[in-house]
Amino acid sequence: MSASQIVIYADNTNVPISQLSGSPCTIAIQAFLYSTDGSTLQMDYPLQAVVQDPSILSTAKEGGKRKVLVSVGGEVFASSAWKAAASDVNSFASQIADFVKTHGFDGVDIDWEDTGAISDGSYDPTTFLVDLSSALKSALPSSQNFITHAPQCPYFYPGELGIYSTIAKNAGDNIDLFNIQYYNNDWYVGSNGAEEKQKVAGLTGSPVFPSSIMGIKAQGLDVGKMLVGKPTTSDNASSGYLDTSDLASDVITPLAKELGSDFGGVMGWQFATSSSSSDNVLNWIEAMNSAIEAGSSSTSTQAAE
């Protein structure tokens with residue numbers, strides 16, 4: 001994809017994605033489909049609300065202005081369930097695809113957070129996530145097979161945890177975007193604008209920080225698929241929140257300026273200001289859009305000179 005994306009997750013019944021209408025958000029991701037046994041998928045309450053009221057989904061799509069995906073996984077998806085799903089990938093993918101087709105979503109987001117499986121040998125998460133992406137891409141019609149993943153940032157850091165560097169290479173076009181979670185992992189993220197400019201953006205320091213956006217580019221991966229995922233408020237993550245103005249000035253605008261049309265964009269967790277709030281973060285979405293435009297216009301001006 002050539003244009004920078006603005007992705008927002010939603011997991012709060014009080015703040016439906018229909019409120020995105022009129023905003024510059026390009027992709028909404030409704031959470032969560034999950035499983036406790038790997039064979040039966042369940043909906044959490046916010047997802048149930050969307051399914052029960054189709055007008056929420058249709059309003060959110062705004063006549064095709066944005067895609068709406070369903071997210072599979074999250075912290076409530078049991079490790080044993082991921083293991084069971086990995087033992088029969090095609091069946092698992094078929095269940096997800098049936099849900100997407102039945103309820104009119106535009107694709108699937110995979111929020112795999114089973115970190116322990118990387119080292120415990122219960123299954124091979126790298127092979128599983130590559131195969132699942134391929135199976136979903138094949139099982140869904142082209143109008144509904146947009147596939148994203150939401151890896152934690154350490155999954156791109158070289159070493160035992162860095163499985164997503166291999167996944168990104170091996171999955172190819174079967175994964176359209178990576179909504180990288182640059183939060184809740186203090187050492188890999190930093191705690192202020194200057195540190196995040198190094199560890200999230202990768203625009204300072206030598207050598208480049210490996211799991212930063214520029215570090216991922218240096219790994220030879222398609223940086224245009226890599227999004228900076230950040231909490232939209234301090235209530236939406238245990239750490240990693242950066243004030244909106246600092247996020248814009250230290251991370252987003254400089255990256256948009258550096259990468260131009262190759263900048264993947266921004267992801268926000270989540271659309272509500274907290275898990276129980278009735279307020280949305282439309283102002284944050286607008287600020288991120290302005291930050292991207294500021295960087296892009298700088299790139300255009302330099303190119304014209």
Side-chain angles (χ1 to χ4, degrees), residues 4-34 43-63 65-71 73-76 103 105-106 109 111 113 148 150 179-184 189 191-193 196 200 227-253 265-294:
S4 298
Q5 304 296 312
I6 300 179
V7 177
I8 197 78
Y9 281 80
D11 193 31
N12 180 330
T13 309
N14 299 323
V15 186
I17 53 175
S18 52
Q19 293 181 12
L20 285 166
S21 182
S23 79
C25 170
T26 59
I27 300 172
I29 302 179
Q30 182 65 57
F32 278 109
L33 270 180
Y34 69 97
M43 294 181 281
D44 71 359
Y45 288 119
L47 179 55
Q48 287 182 40
V50 172
V51 168
Q52 291 166 0
D53 183 358
S55 68
I56 294 176
L57 189 62
S58 61
T59 301
K61 290 187 178 186
E62 204 171 349
K65 179 178 178 180
R66 68 183 56 82
K67 298 180 185 297
V68 180
L69 316 182
V70 62
S71 187
E75 62 181 4
V76 298
H103 298 292
F105 287 91
D106 298 308
D109 172 71
D111 185 8
E113 299 185 16
T148 67
N179 300 304
I180 306 172
Q181 298 182 41
Y182 285 106
Y183 48 91
N184 295 346
V189 174
S191 58
N192 56 54
E196 293 207 14
V200 175
L227 274 65
V228 176
K230 298 297 293 179
T232 55
T233 71
S234 59
D235 290 329
N236 280 327
S238 61
S239 66
Y241 173 72
L242 200 60
D243 178 84
T244 303
S245 60
D246 290 339
L247 177 59
S249 62
D250 291 325
V251 178
I252 305 306
T253 295
V266 186
M267 172 274 277
W269 174 269
Q270 65 163 317
F271 188 39
T273 57
S274 73
S275 60
S276 59
S277 172
S278 296
D279 298 321
N280 64 44
V281 295
L282 286 172
N283 287 341
W284 186 91
I285 294 171
E286 292 286 354
M288 293 302 101
N289 185 57
S290 296
I292 293 171
E293 289 182 343

Asks: Which residues pass the side-chain hydrogen bond (donor to acceptor under 3.5 Å, both in side chains) test with Ser245, sequence neighbours left out?
Replies: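 side-chain hydrogen bond (donor to acceptor under 3.5 Å, both in side chains) check on Ser245 returns Asp243.
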Asks: Check whether the side chains of Tyr9 and Asp111 place a donor and an acceptor atom closer than 3.5 Å, and report yes or no.
Replies: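 Tyr9 vs Asp111: no donor-acceptor pair found between side chains.
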Asks: Please round to the nearest 0.5 Å and tell me the distance separating atom CD of Glu196 and atom OH of Tyr241.
Replies: 11.0 Å
Asks: For Gln181 and Ala150, indicate whether the former's side chain and the latter's backbone hold a donor-acceptor pair under 3.5 Å.
Replies: yes
Asks: Enter the distance from Glu293:CD to Ser4:OG here, rounded to the nearest 0.5 Å.
Replies: 10.0 Å
Asks: Work out which heavy atom in Ala272 is nearest to a heavy atom in Asn12; give both atom names and the distance.
Replies: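 That closest heavy-atom pairing would be CB-ND2, 3.3 Å.
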Asks: Measure across Gly268 and Thr232 and return the closest heavy-atom pair with its distance rounded to 0.1 Å.
Replies: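 Residues Gly268 and Thr232, closest heavy atoms: CA-CG2, 3.8 Å.
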Asks: Do Val281 and Ile8 make a side-chain contact, defined as non-hydrogen atoms from C-beta onward lying under 4.5 Å apart?
Replies: yes
Asks: Which residues pass the side-chain hydrogen bond (donor to acceptor under 3.5 Å, both in side chains) test with Ser238, sequence neighbours left out?
Replies: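 Ser238: side-chain hydrogen bond (donor to acceptor under 3.5 Å, both in side chains) contacts with Asn184.
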Asks: Strictly by modelled atom types, are Gln270 and Asp11 linked by a side-chain donor-acceptor pair under 3.5 Å?
Replies: no
Asks: Stepwise, does the side chain to side chain contact (heavy atoms under 4.5 Å, CB included) test hold for Lys61 with Asp106?
Replies: CA-CA 9 Å; Lys61 290 187 178 186; Asp106 298 308; 3.2 Å; yes
Asks: According to side chain to side chain contact (heavy atoms under 4.5 Å, CB included), who are the partners of Ser274, at least two apart in sequence or on a separate chain?
Replies: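 Side chain to side chain contact (heavy atoms under 4.5 Å, CB included) check on Ser274 returns Asp235, Ser276, Ser277.
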Asks: Please find the pair of heavy atoms, one from Thr26 and one from Gln5, that lie closest to each other, and give the distance.
Replies: OG1-OE1, 2.8 Å
Asks: Residues two or more places apart in sequence or in another chain: which of them pass side chain to side chain contact (heavy atoms under 4.5 Å, CB included) with Ser278?
Replies: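 Partners of Ser278 under the side chain to side chain contact (heavy atoms under 4.5 Å, CB included) test: Asn14.
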Asks: Just grab all the salt bridge (Lys or Arg N to Asp or Glu O under 4.0 Å) pairs involving residues 279-289, residues at least two apart or on different chains.
Replies: none
Asks: I'd like to check the side-chain hydrogen bond (donor to acceptor under 3.5 Å, both in side chains) partners of Thr233; sequence neighbours left out, ordered by chain and number.
Replies: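 Only Asn236 meet the side-chain hydrogen bond (donor to acceptor under 3.5 Å, both in side chains) criterion with Thr233.
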Asks: Give the minimum heavy-atom separation between Gln19 and Asn280, together with the two atoms involved.
Replies: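 What the structure gives for the nearest pair is OE1-ND2, 2.9 Å.
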Asks: From Ser23 OG over to Arg66 CZ, what is the distance, rounded to the nearest 0.5 angstrom?
Replies: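 So the gap between those two atoms works out to 4.0 Å.
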Asks: Within this structure, what is the OG1-CD1 distance for the pair Thr253 and Ile292, rounded to the nearest 0.5 Å?
Replies: 8.5 Å
Asks: Please table the atom pairs, donor to acceptor, closer than 3.5 Å between any side-chain atom in residues 43-54 and protein atoms at least two apart or in another chain.
Replies:
{"unit_1": "Asp44", "atom_1": "OD1", "unit_2": "Phe32", "atom_2": "N", "d": "3.0"}
{"unit_1": "Asp44", "atom_1": "OD1", "unit_2": "Leu47", "atom_2": "N", "d": "3.2"}
{"unit_1": "Asp44", "atom_1": "OD2", "unit_2": "Phe32", "atom_2": "N", "d": "3.2"}
{"unit_1": "Gln48", "atom_1": "NE2", "unit_2": "Met43", "atom_2": "O", "d": "3.0"}
{"unit_1": "Asp53", "atom_1": "OD1", "unit_2": "Ser55", "atom_2": "N", "d": "3.2"}
{"unit_1": "Asp53", "atom_1": "OD1", "unit_2": "Ser55", "atom_2": "OG", "d": "2.5"}
{"unit_1": "Asp53", "atom_1": "OD2", "unit_2": "Ser55", "atom_2": "OG", "d": "3.3"}

Asks: List the residues meeting side-chain hydrogen bond (donor to acceptor under 3.5 Å, both in side chains) with Gln30, not counting sequence neighbours, and say none if there are none.
Replies: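 Per chain and number, Gln30 pairs via side-chain hydrogen bond (donor to acceptor under 3.5 Å, both in side chains) with no residue.
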Asks: Could you state the interatomic distance from CG (Leu282) to CG (Leu20), rounded to the nearest 0.5 Å?
Replies: 6.5 Å
Asks: Less than 4.5 Å apart, any side-chain heavy atom of Ile29 and any of Asn179?
Replies: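 Ile29 vs Asn179: side chains touch.
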Asks: Ring pair (Phe, Tyr, Trp, His ring centres under 6.0 Å): which pairs involve residues 271-294, sequence neighbours left out?
Replies: none
Asks: Rounded to the nearest 0.5 Å, how far apart are OG1 of Thr148 and CG of Leu69?
Replies: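 The OG1 atom of Thr148 sits 5.0 Å away from the CG atom of Leu69.
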Asks: Could you tell me whether a side-chain N or O of Lys230 sits under 3.5 Å from a main-chain N or O of Tyr183, the two making a donor and an acceptor?
Replies: no
Asks: Kindly state each residue pair satisfying salt bridge (Lys or Arg N to Asp or Glu O under 4.0 Å) with at least one member in residues 14-33, sequence neighbours excluded.
Replies: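 Listed once each, the pairs would be none.
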